[in-house]
Structure formats: C-alpha cells, structure tokens
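Structure record follows, encoded as structure tokens.
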Amino acid sequence: RVRGCRSSVFLFFFWLLGVVCSLIPLHAKVQHTYPTFCTFWTYSVFVANLFLLFSQNACPVQDASFLSKILFWWFSGLVFKGYRSPLQAEDLWSLREEDTSEKIISDLEEEWTAERTKQENHLSTSIALGSRLPEQAQFLRKIQKEQSWGFCLLRTLARSFGHYFLNGTLCLMVHDAFMFSVPQVLSLLLGFMKDEDAPLWKGYFYASLMFLLSCLQSVFNHQYTYTCFTVGMRVKTAVMGLVYRKSLVVNSASRRTCTVGEIVNLVSADTQKLMDFVVYFNAVWLAPIEVTLCLFFLWQQLGPSALAGIATVIFIFPLNGFIARQRSKLQEIQMKYMDGRVKLMNEILNGIKILKFYAWEKAFLEQVLGYREKELKTLKKSQILYSVSLASFNSSSFLIAFAMFGVYVLIDDKNVLDAQKIFVSMALINILKTPLSQLPFAMSTTMQALVSLKRLGKFLCQDELKPDNVTKESFKSGNKCPSLSNFPLTYSVFWSRISVRVPCGSLVAVVGHVGSGKSSLLSAILGETEKRSGAVSVKGSIAYVPQQAWIQNASLQDNILFGREKKESWYQRVLEACALLPDLDNLPAGDATEIGEKGLNLSGGQKQRVSLARAVCRKADVYLLDDPLSAVDAHVGQHIFNKVIGPKGILRDKTRVLVTHGMSFLPQADLILVLVDGEISERGSYQELLNRNGAFADFIHTFASSERKECFSEASQRGNITVVCVKSNCCLNVKKLSMTQFSFSGDTNSITIEPLPDSDEDHIPEDLGKLTKVDKARIGRVKLEMYIEYFRTIGLPLIVSIVFLYAFQQAASLSYNYWLSLWADQPVINGTQLNTDLKLGVYGALGFAQGIAIFGTTLAISLGCIIASRHLHLDLLNNVLHSPMSFFESTPSGNLLNRFAKEIDAIDNMIPDGLKMMLGYFFKLMEVCIIVLMATPFAAVIILPMAFLYGFIQSFYVATSCQLRRLESVSRSPIYTHLNETVQGASVIRAFNEQSRFIMGANHKVDHNQTAYFPRFVATRWLGVNLELLGNGIVLAASILSVMAKGTLSPGMVGLAVSHSLQVTGFLSWIVRSWTDVENNIVSVERVKEYADTPKEAAWSIEGSSLPPSWPQKGTIEFQDYGLQYRKGLELALKGISVHIKEREKIGIVGRTGAGKSSLALGIFRILEAAKGQIYIDGINIAEIGLHDLRSRITIIPQDPVLFSGSLRMNLDPFDAYSDEEVWNALELAHLKNFVSELPDKLNHECSEGGENLSLGQRQLVCLARALLRKTNILVLDEATAALDLETDTLIQSTIRSQFEDCAVLTIAHRLNTIMDYTKVIVMDKGHIIEMDSPSNLIAKRGQFYYMCREAGLL
C-alpha cells in the first residue's frame, strides 16, 4: 500500500478503531503485571504501525489512500520538491483523464448541441412575429436572445458538471452540521464551569469533543472547496473550448463585431468570473439557511430578544443587495472599458511599426489611457460601495449582539446576561458572520457571472457560416476533373446576381477595379460570405491563397506542410517551383528557421510565396488564388506563373481561379471574368474579349504597349499587391554557404550573412533559427524590492494611516469584548444587574467606533491600490511603446496581451482584496492571542511553538505556491497567442479543412495551463486542512487549561477565551492563505515590471531642442560614412554609405534581396540606430533630435496598409491637427472622395479592426491620403500603389508626381518602370552603393542596373 495501491475506507476505519479501542485495555493492563503489559504494548505498536503504514501515502490523487485524500497528504511530495528547488513545468503531474480538454469538451459538445438546437427551434417560432415588431421591440428581443443563450450555456454546464458539484454541496452541509454543534458543546462546557459539583471528566470530555468537532468541520470544509475548484477548472476548460470552436465557425459579419481583444477577454476575465461563481454560488442559498439556524439557536438563548437580531439582519441584507446590484452594473461598465482597452492594445501591437513610422504612439497612448481612466473611475465607485458593504458586514456581529443584548436587558430588569448567555450567543453570532460576510461576495460574484454569461452567450449566439453556402462533392481520380459548378447567386456584398461555371482543369482569371468584389467572389466559393439566394457547388478539395498571406509563428517547414506528412521529393519540387530555394540558403536554419508572428521576419514576397507553397503542397483539386503574384518581382512572378499556375506549371491539371491586377498572364487564361461593382460585366477568353472591343479591350489598349516585352513588364509589375514588407524578392546570384550566421530584423530588407569560422561548422547552436522569446517563469520567492516598489507607488502617508486605522479598529474590538466579559462576571443582586444602561452605552460606542474604522481602512486600501494600479499600467504602457521594433519581433503579442489583460486585472482586483483580508485577519489574531493569554497565561507554552510550526509550514507552502502561480501565468500566454493567430487565419484554416488540428493544438495549450493550475489550488487545500488541524490544538489547549483552572477562572473569562480560540484556526489559515494570495498576485507586478529593464528607443522628444518649426524646409539628405547593423556582433547591413540627396530630387533605390534598400529607410526613420557615421537632414544630425521630432517631419507610405478600429478621420489624423476641408482635399487627391462621401457616416465611418471592412486597395489609398495630408518635404515610398488596379495606379502616380513635386522623394522600387523618369537611381548590393546616376546614364554604362532592366523586360 506504500507503493500507491488504492485503499478501502472501511479497512481504514477498522484499523483506526482497532488502535483507539486497544487504548482502554492498555490502561487496565498497565495497572496489573509488567510482562502482560509488555506483550500487549508490542501488539498495540504493531496495530498502530499497520494503521500508519496503511495511510502514509504521498502519491497523486488517483492512487492515494483514504486518509491521504481527506488530508491532502498525497500533495506533500510536490511541496517538499518545490521547497528543495524551484518547480519546473516537467515536475508537474499530467492531468487526470476526466480533467483533460478532450474528455470535457467531447462530453459537453453533445449537451451544448442539443441545448442549442432546442433554443434555435424556440427562437425560430418567434421570427415571423419579430419581423413585424417595431425597431425598439426588435432590439429588446435581440438582448433577450443574448441573455437566453447565456442561460442555455449555464444549463449545459450544470448538466455536465452538476453531479460532481452536488457531492461538494453535501460535504458543505455536513460541515454546517458540525459547525452548529460546537456552540452547543461550548454551552455545556460553560455550564460545567458554573457547576461546582460537576466531575472533572465531563470538562475534559467537552473539551475533547469540541476539538474533534472542529477537526471534522475543517476536513469537510476543505473537501467541499476542493470539489468546487475542480468543477471551476473544468468549467474554465469547457468555456475556453466552446469559445475557441466558435471562433472557427463565426461568419465574417459577426467577426467584425467580435474583435480579437474581446475574444481574449472572454477566455481570460470571463472564465475567471465563472470559476469564482462555482466556488461561491452555494453561499447564495445556504447563507440564508445558516442565518435562520443561528437565529433559531439565539432564540433559545435570549428568547424574543433574538427578533432584534433578525431586524438587524433584515436591515443589512437589502442594503447589501442594493450595493451588489449597483456593483454589478459598474462591473459591466468596467468590463466594457477593459474590452476597449485590450482591443486597442491588440491593434497597437499588430500595427506598432506603422505607429513608429508616423510617430503616432502618443495619440494611441492617450486613447488607451482614456479607456484606463474610465475603467479606474468605475472601479473606484465600485470599491467605495464595496467598502460600505464590508464595513456593514464586518460590524454585523457587533450590531446584532448590540441589538439583541440591548433589547434583552431593557425589556425586563430580571433578564440577566451571564457568561453562558453572552458567549454562546457570541459564538453563534461569529458563525453568523461567515454567511453574512460570504453573502455579499457570493451575490456580487453571481451578478458578475451573469454578466459574463451574457457576454459569452452574445458571442456563442453569433451567426455561423452555413454549411449549405457551398455544396461540396468528393472527387475521385476515376471521375471527371474537379470543377466549380454553375451558381446563380446573390450576396450581401454584391449588388447583382452572379452566374458562372468554372470548367474543370481550367485557369480562370478574375479582374476588376479596387472594391469590385474579386476577393468576395473567392469568399463566396469558400462559403465565407452570406448567401441570399442561388447555389455554389465545388467538386474536390480546395486550397486557398489569401490576398494577405497568413503566416503562423512556427518553422518555415511547418508553415508549408501545414499539418501534412512531409514527402521529400514533392516538398523539394514545391520549394523550387515557388522560388523558395534561394531563400532557404539565406535562412540561419534553413526551413527549420522559426518565423515570427504574422511572418515578421519575412518580406512581403517571401510570405506570399510561403502561402502559395502551402497551397501547392496540399495537392488539392481546386485552387483559389487571390493575387498571389502581387508582392513579388516581375521575374519571380513569371517564374512562379510558369512553374506553378500556368499551362505548364505543376498545377496545370487542377482547377485554378486566379484574381489578378496583372495583364501579362491574361492571354494564357482559359476564361477571364471582368467584375464591376459586384457584377460580371464581361467574360470570355483574352482574344474573345479583345475582339468584342468592350470596356476590357479599351482598358488593355490604353495600358498595353505595342511591344510585347514592355507590355509584360508594365502589366506584370503594375499588378503587384503589397502584403507587409519592404523587400525585393529577386534571389539570384546568392552564393551557397556551408553555414551562415544570420540577422533578420522584422520585415526589413537587409539580410546579413557572415561565414562562421571553420572550427564552428560542426557545432550548430540549438537555438539557431529561433526568433521569439518564450515567456519564462522566474524562480524563487518574489523579491522584497517588488513589495517596496508596489507600496512606494501607494505612498507612505496612506500606508501609515491604513496601519493606524487597523490598530484602532482592533483595539476597539478588544475593548468591547473585554467589556462583555466584565459584564458577564458582574454579580446578580436581587435578580438584576446594576448600571446596565451604562454598560450598554459603552459597548455601543466602542462597536460603532470599530465600524467607522473598518470603513476607513477598506476604503484607504482600495484607493491606495488603485493609485498603484494606475502607475503600474502607465509604466507598462510607456515601457512597451518606447521599446524598439526588435522587441516586438521577438516577443509574441500573446505575452504582452497577457500582461495588459490578466495581470493588470489581478493588480486591479486580487491584490487589494488579498491585502484587506491579510491585514484584517492579522490584527484579529493579535486580539485573540491577547485575550487567550489574559485568561490562561500558560497557553503561551502551546501558542508560541505552534506559531513557529505555522511559520515552518508556511515557508514550505509559499515557495511551492508562488512558483506554481508563475508557471500557470507563463502557460497562459500561448493560449492567447494561439487564439489570436487562429482568429486572424480562420478563413485559411477552414479552406484547408484543418479545424480539427488547430482545436487539438488549443486543447493541448489549455491542458498545459491547467496542469499548473490544478496543483495551485490543491496546495491551498493542503495548507488549509493541515494548519486548521494544528490550530484546533489551541482550542483544545484553551479548553483543557480552563478545565484545569476551574477554581481560579471566572466563567466570563473562560467564555471569552474559548469562544475566541474557536476563531484562531480560521484566522491563522486565512492569514497564510491571504498572504500567499498577495505573494502569488505580486507575481503580476513582477511580470508587469519585467519590461522596465528591456532596451528602449531614444527619447521621443528632447527638451530645449532648437529645431525650427518648419524643419526640414529644403529636404536635403546626406549620409556620411553611414553604417547600420541589426544586432551587436553581426556584420554591418549598410557599409560606409556616403551620398548627398539634394532638394526636390527624385531618387529610386533598387537592388536584389539583402542589398540594403529598406535599411536606408529604416536608418532615415531611426527604426534602427546608426552603427557608425551620421545622417544629416537639412544640415541637422538626426541622431541629436527626438524620434518624434524626426518621424513626424518626414513621411513614408509603407507597403503594409494598416488601419485601426475607429473613425476614418482618426485613421487619417489621430491628433486632429487638420481641418475637415484639408482631410476631404487629401481624400480627393487619393481618389477616395466619392467612396467616402457615399458612406452614411462619411468621415466618421467606423473602420473595423485592421480596416477589414475596406478592401486592401482602399486601405492603401487611405495610407496615401495620410501622406497627402502631412505633405512633408521628404517622402519615402514603398510600392505605395501596388494593391491598386492599373487605371487607379496611373492616376495616383500622376498625383504623387504633381503633389510632391517640390519634395525629395525616395522610392524603394520593386518595379523599375515606376522610377525610369526619376532624377537618380541608387543601385545597392550587399550594403554598398555600387551605382548611382540618372537612369539613362546607368543604362548607357551597361552596369548592374542595365541587366536588371533587361531582366524586367524594359530593354
């Protein structure tokens, strides 16, 4: 049994009773012969050993013995291990099968599906009625629907976990029975103290019985709490699983209303509220029953005077019910502000590079702080109400006692308050405090849970993608080739019906202006768009390449294989066809190199080629290609078309639908669809459309040159669509190196390759190719500096006043309790006590003074913690926004979101509650110890060793608990990162039918998190049950010592000592528990402060700077021996650049991949600082001015068109620096005026997260409008018009030339034809400028630029 075999409860009790029963004959044997005694003693030791061996079992719970289970000794092994050395993730046990995500969610989904079907049927019956209701009534019906879904979720959870929860409720009821037995035994003990003739054995029996009942009470209480936390953990797993699965099926319209930040909040804050609800729900119905029982027993003691106590309770309940309702409303408002803040932070982290380019950090920092101030203002109101609630409940025992004792002595002079009446009543009132103190928290938690259920219900009832949007048929090799069948359709995004049939094995090109519905057509085929009528039929499997490549934070190989088994020959063929082989040579670990979130360390072209390779590798039947050649150079695009998409490509036998702006590939398409405003205006082959001489033919003749080469160059290069990065993807002439050291900083263009010494070639570092930093747990206990840092932000005056108020409150409590003992011992003369009015008045004055002090302390702590929370959030926000780009590339956004969501929530709510509890119980313990020592000084012999023992157990516990809290926090971040990634790539995951694999990944991450959470709450139970069993020793000591000193102690003093000693157990365990909670949650402060020590950018602005307001006036740029490197120790990415750019010059910057083109732009904006040399703009060294002073005076139109949620005007001018007239003028020049003027809200049109309710081309035009609005004298262009159709592109190019005629323009060019009329062209290679002259002179020199022009077909 020592080895872990499960033991029987019945056998346990057999051996236990065997040991106990042997004690009686043992006593008799000792008094007779010595040899018999020795024999019997040997037998007794043998039985006792059997009992101990049987129960000492430190195994995990499945194989633990009965005694080990009820006392949580099976957990001791992990506690000792954690004390010896800090726990690591591998030290933790794997989850029990019944706690795993797979088991929980598979069972729950059946219940949820049945409940959902029933609810949908119920709702569908009222749809006809609802459609005829006025708008206001329909809105109310919508709210009712959301709430009903919340209750549906609650019913489903109750069916799944209710039976286990009821087991815990049974334990709680048994605990209550023992709890009410203790005051009855106390009454018998005090009766014994009054009876001078009573035998001593009765006193010892009552003392022992009180000890035994207290122990059983502790055991059942902790079994109940353990059960509740287990159910709470399972509920958390279940809700996370439902939310994750819902995020994979929610349709695009609903997705726009549920941002990533809000979904992250659902799985962080709202699941926590449901877990709290599970733990405290029983108090909602059981507390009133406990109150009723207390009042019944009080009636037995004091008669009708107990009604005064009932009146007091009736007064306190409605007051706190009202406060709970108000706090619930405030919490809902607070959660709304928190959602807004987290959502905005998510967008800031996603678009941080754009914020830095535009120097917009301050504007967005103010927006975040606006949300934060509203959040804290609401929290402050809530905390003031909570302080009133706590003061009324903590004073409730005094108020009830004061009312009952006052009425009792005033209604009749013959009513005498003796020790038995006072202290049994006080013991009952102390029991009454538990339900009264739990009830407001339980009501508040229930209200918060209802808010969270409503929020979860709102998300879970969002419209889903309908399976019948597309009819999918299987495709077998023997059948005809796959095809897209005829579908006459009407979609909400279209204005007309669409009918088309895509022949099997054909290449169909879809062309049209920006916003004409090309991408929406592919969405319709994928079933992503709401269908109003008609049908879509797809035969065979689908592979999809989205317009903006979605890249996972995984290795390059994992991104391409996307869950499929690697077949080496096919894999290599795909890499070659997608032009990825040269890139692999440059990557530090080849295809094992880790790719950052959203492909941060890949260029736009590389991301698009990885996305295409993922689709090709799939060997699907139908390929939907949304402009995959947009972000690549002309020759790379031609290579991919020939090798992959075209008639001779590896997909030649597949059905391909290609959305494109490029003209060069159209002659090879079998069918061309021309879309205008969601309608197919023309269709046919390239030649058929030309022969019709329609709009398409006019368009082709306008933009095509007579020479085939020029036509190819112009069309193919103008067709580029920007995905994210500034990078040329021409990968020719890259030498293969045996091993390279590699620096990849974000989406920049420069790759630094440095051959390693020969001796190192065999030693490949383990972290080669790793980019992101895993969220690591610190080890050991939280340092004292963290506490000092936290309390320093609260302020010394507030801390001193808090300690003083606590001391005053406990002094008042001690005084009125001692006053009661004096009252109880007053002699009775003629059946009455003297001066009862005076005694009652003093008692009342002391009690009311304590109540006022309680309100003051709780309010002071709340306000102090809000001050600290404000400072910590502000510091975190400033630290993150002042971090350089390299920080964001190596830190997953989930880690940062975790800090801004969960950790800040813990600092806002958990630390203040923990401090209130810890300080409150500490001062109460001081009071109890003083009272017990006053009554029985000899108790010090018991109390002092027990205090040391408590400290010893606490040191064991805190070391383990704190590390478990860290491990749990660390394992939570990957859940958010995975969820974020999934929501953004949901359409790709669905297209590839990979939902089940991603769900398994989510399950694994949730299980990993719960592996640390489970031992965390078991640790608290282990501590609680063992400390309370020790603490019950003080009850035994106080009782036994009182019995022994029967002749010398007054009944009043005995009653005071014993009734207070009954509370010691709870006080001690709550002190350790609340202290541990504070220490565990101070880990949140530690994690928030973590980013204070990371490297920071230079100052945003420099005080006293003499920079002229109109700088730069001329726009001259001079590089002097300029060098730049991505990280220390790596080779320079730019080497000795010396060049002078005069005012009004138009400079084109070209070069192959890794040449250093984008590094120049990054250097000008100081995204990377100079390693050597200087850059001068208008004669001022840019290294000597503030970053915002620099970045706000020059303009870039980046390759990635990032928009933020908010109004269109905010996206153009977040500082409100320009008038509406100027904004409209910029929109007109950007050819967006007509589009915006047709929107209902015009400039106040609400852009969704990431600008998803605008097309990619429209977003690019918004970025252009930003530049036109700023109109600085230096403009950096990075393929600003790549996502536009040819007609709009031509208009925009002419706008740039006319509007920025007086400016210096630097264009980082993928398409050489756009810079052929520039003043100069800079040709770069390996960080050097190898050529610089006018385009005509460079062509005449027949250098590298000449060969690049020939490759592009310009010569």
Side-chain angles (χ1 to χ4, degrees), residues 576 578-583 585-586 603-606 609 629 631-643 662 664-665 705-720 726-737 749-753 1133-1137 1139 1146-1161 1277-1279 1282 1306-1355:
E576 193 277 327
C578 295
L580 281 167
L581 288 176
D583 297 287
D585 293 335
N586 289 343
S603 74
Q606 285 170 325
R609 282 180 280 137
L629 307 178
V632 299
D633 286 343
H635 73 283
V636 178
Q638 190 64 46
H639 168 91
I640 291 172
F641 186 82
N642 293 339
K643 295 277 188 176
S664 61
F665 311 122
S705 168
S706 56
E707 286 187 356
R708 174 71 184 168
K709 279 185 182 179
E710 193 167 342
C711 170
F712 156 72
S713 168
E714 182 91 357
S716 67
Q717 292 189 39
R718 282 190 181 278
N720 288 350
V726 181
K727 194 159 186 179
S728 166
N729 293 288
C730 175
C731 301
L732 305 177
N733 305 325
V734 178
K735 293 180 181 177
K736 258 195 170 180
L737 301 175
N749 138 354
S750 187
I751 299 170
T752 306
I753 299 172
L1134 293 177
K1135 304 165 189 172
I1137 301 292
V1139 63
K1146 308 294 182 281
I1147 306 294
I1149 304 168
V1150 299
R1152 306 196 185 280
T1153 297
K1157 305 186 298 296
S1158 295
S1159 302
L1160 282 177
L1277 286 172
D1278 177 26
E1279 289 299 290
L1306 280 75
T1307 299
I1308 297 162
H1310 291 188
R1311 304 173 300 164
L1312 301 184
N1313 61 296
T1314 58
I1315 58 163
M1316 294 306 281
D1317 60 344
Y1318 274 28
T1319 318
K1320 288 179 184 173
V1321 172
I1322 293 174
V1323 183
M1324 299 194 68
D1325 187 37
K1326 296 179 182 176
H1328 295 283
I1329 294 177
I1330 55 171
E1331 293 179 347
M1332 179 175 169
D1333 210 331
S1334 66
S1336 54
N1337 288 347
L1338 289 175
I1339 289 168
K1341 288 177 184 175
R1342 294 189 167 239
Q1344 189 163 336
F1345 183 70
Y1346 168 78
Y1347 289 107
M1348 290 173 75
C1349 290
R1350 278 189 60 181
E1351 281 177 15
L1354 291 171
L1355 301 175

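Everything numeric here is computed off the predicted structure, so don't read it as measured data.
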Measure across Phe1345 and Val1150 and return the closest heavy-atom pair with its distance rounded to 0.1 Å. CD1-CG2, 4.0 Å
Looking only at heavy atoms, the pair that brings Lys1341 and Asp1333 closest together is NZ-OD2, 3.1 Å
Nearest heavy-atom pair of Ala579 and His639: which atoms, and what distance? CB-CD2, 3.7 Å
Looking at CG of Leu1277 and CD1 of Ile1147, how far apart are the two atoms once the value is rounded to the nearest 0.5 Å? 12.5 Å
More than 12 heavy atoms of other residues, nucleotides or ligands under 6.0 Å from NZ of Lys1135: yes or no? yes
Exam field: side chain Thr1307 to backbone Gly1148, donor-acceptor pair closer than 3.5 Å: no
Nearest 0.5 Å please: distance from the CD1 atom of Ile640 over to the NZ atom of Lys643. 12.0 Å
For Leu629 and Phe665, the nearest pair of non-hydrogen atoms, with its separation, is CD1-CE1, 3.3 Å
With Val1323 as reference, evaluate Leu1338, Ile1149, Ile1329 under the side chain to side chain contact (heavy atoms under 4.5 Å, CB included) test and give the passing residue. Leu1338
Between Leu1160 and Met1324 the two heavy atoms that sit nearest each other are CD1-SD, 3.5 Å
Within the side chain of Gln1344, is there an N or O that forms a donor-acceptor pair under 3.5 Å with the backbone of Glu1331? no
Looking only at heavy atoms, which two atoms of Ile1315 and Pro1335 are closest? And how far apart? O-CG, 3.8 Å
